[in-house]
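Heads up: the structure comes next, in structure tokens.
Order of the sequence lines sets the chain letters (A, B, ...), proteins ahead of strands, with each chain counted from 1. Values in this document were obtained by computation on a predicted structure and should not be read as measured data.
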Amino acid sequence: MPELPEVEVVRRGLERWVSGRVVAHAEVLHPRAIRRHVPGAEEFVSRLRGRTIGSAERRGKYLWLPLDGSDAILAHLGMSGQLLVVEPGSAPEKHLRVRIGFADGGPELRFVDQRTFGHVLVTAMAHSGGRPVPEPIVHIAADPFEDHFDDEKFAGRLRAKQTEVKRALLDQSLISGVGNIYADEALWRAGLHGVRPTGTLTKPKIAELLAAARQVMSAALSEGGTSFDSLYVNVNGESGYFDRSLAVYGRRDEPCRKCGAPIIRESFMNRSSYSCPRCQPRPKRAGL
DNA sequence: CAAGAGACCTGCTAGC
DNA sequence: TGCTAGCAGGTCTCTT
């Protein structure tokens, strides 16, 4: 489940069902799932055996489970990854990639991923953005719900970029956690078209955009996240309901919730962008 | 160095 | 019915 609210739903599930437990065994069923674990599958498995799982953490769309000692299990769900907590004997999911069993004999943790863009690995910890994070994600910026997220610095870096505002929102080294859905929703709330050059945004407008992103992601989290289908679920396999509250994403030809104009879909960065042609007019030219 | 295009996957759906 | 093109919520890597 890709964007910040959906990943946070999973983090909370891991915190509740996995933290504090001792790993008894692990199994890698698809090598691609651990492709970023350089030492390979055998090392991955042996490194987990006997370890105690700590409190689940998240930055943006990355999740990690600290291990006793100083390393952690790091996971990214990619486009279709799921972390599920299921009874050890239950039938393997079609796209089951990694399985972790516990010494208490209770429910096991399964990484299921249809499209295999997600991955898990065991890694050392480092430091970035005001707190300890797994070494492979030191380049990922703080997400807007972290205490260390600096609104002023974000505004400055955003305006300095030679790019368009939606691209910048999706740039995980600038602000993490925002993906295609919530970028579109935040832009709609702020009345901005995604191709607006970042250099033309005023500080108050950037503050408004940031507030919009926080609001829409908070609202989504309180509904359990956004799910259009069974691919995006919590650790117990349940979907969220925020899709009902989306203002633009996936609503082509439906009326804008502010002005009633039909929502349009445009191609941008090889993906879909949805916007209201009246509330979010396309800039006439760079500099406007 | 920064910005943008392409690559990496499977499965579903719409349209012919 | 069956085929194909297009699309899906992400990030990394390579080129310019």
Worked verdict on A/H193 versus A/E266 for side-chain hydrogen bond (donor to acceptor under 3.5 Å, both in side chains) | CA-CA 11 Å; A/H193 192 284; A/E266 296 172 297; 3.0 Å; yes
- [ ] Would you sort out whether A/K61 and A/S176 count as a side-chain hydrogen bond (donor to acceptor under 3.5 Å, both in side chains), showing the intermediate values?
- [x] CA-CA 7 Å; A/K61 303 167 196 170; A/S176 68; over 6 Å; no
Does A/E223 form a salt bridge (charged side-chain N to carboxylate O under 4.0 Å, His left out) with A/R244? I'd like the steps, not just the answer. CA-CA 10 Å; A/E223 303 254 0; A/R244 297 180 309 198; 3.7 Å; yes
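Extent of DNA chain B lying under 4.0 Å from chain A heavy atoms, first and last nucleotide in 5' to 3' order, is B/dA3 to B/dG11.
Proximity of a side-chain donor or acceptor of A/Q82 to a complementary backbone N or O of A/L231 within less than 3.5 Å is detected. In this structure, the side chain of A/T123 does not engage the main chain of A/P134 through any donor-acceptor pair within 3.5 Å.
The neighbour count for A/D104 CG, taken as heavy atoms of other residues, nucleotides or ligands under 6.0 Å away, is above 12. Heavy atoms from other residues, nucleotides or ligands lying under 6.0 Å from CZ of A/R16 number 12 at most.
When the P atom is used for both B/dG11 and C/dC12, the distance is 24 Å, rounded to whole Å. Taking the P atoms as reference points, C/dG6 lies 15 Å from B/dG6, given to the whole Å.
Of the N and O atoms on the side chains of A/Q172 and A/Y62, not one donor lies less than 3.5 Å from an acceptor on the other residue. Using modelled atom types, one finds a donor on one side chain and an acceptor on the other under 3.5 Å when comparing A/T200 with A/R196.
For A/A24 against A/F102, the heavy-atom pair with the smallest separation is CB-C, 3.6 Å.
Applying the salt bridge (Lys or Arg N to Asp or Glu O under 4.0 Å) test to every pair with at least one member in residues 62-82 of chain A, sequence neighbours left out, gives these pairs: A/R47-A/D71, A/R51-A/D68, A/R51-A/D71.
A salt bridge does not link A/E15 to A/R12: none of the charged nitrogens lies less than 4.0 Å from a carboxylate oxygen.
Annotated stems with DNA chain B as a participant read B:2-8 with C:10-16, B:10-16 with C:2-8, given as range with range, by first number; only runs of 3 or more Watson-Crick or G-U pairs under 3.5 Å qualify.
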Show me the side-chain donor-acceptor pairs of residues 152-160 of chain A shorter than 3.5 Å, one per line, residues at least two apart or across chains.
unit_1	atom_1	unit_2	atom_2	d
A/E152	OE1	A/K203	NZ	3.4
A/R157	NH1	A/S173	O	3.4
A/R157	NH2	A/S173	O	3.4

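Between A/R252 atom CZ and C/dG6 atom C1' there is a gap of 12 Å when expressed in whole angstrom units.
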B/S/- along nucleotides 10-16 of chain C (protein heavy atoms under 4.0 Å) is BSSS---
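Listed in residue order, the members of residues 185-195 of chain A having a heavy atom less than 4.0 Å from DNA chain B come to none.
Both A/N270 and A/D171 lie near DNA chain B, and the one whose nearest nucleotide falls closer to the 5' end is A/D171.
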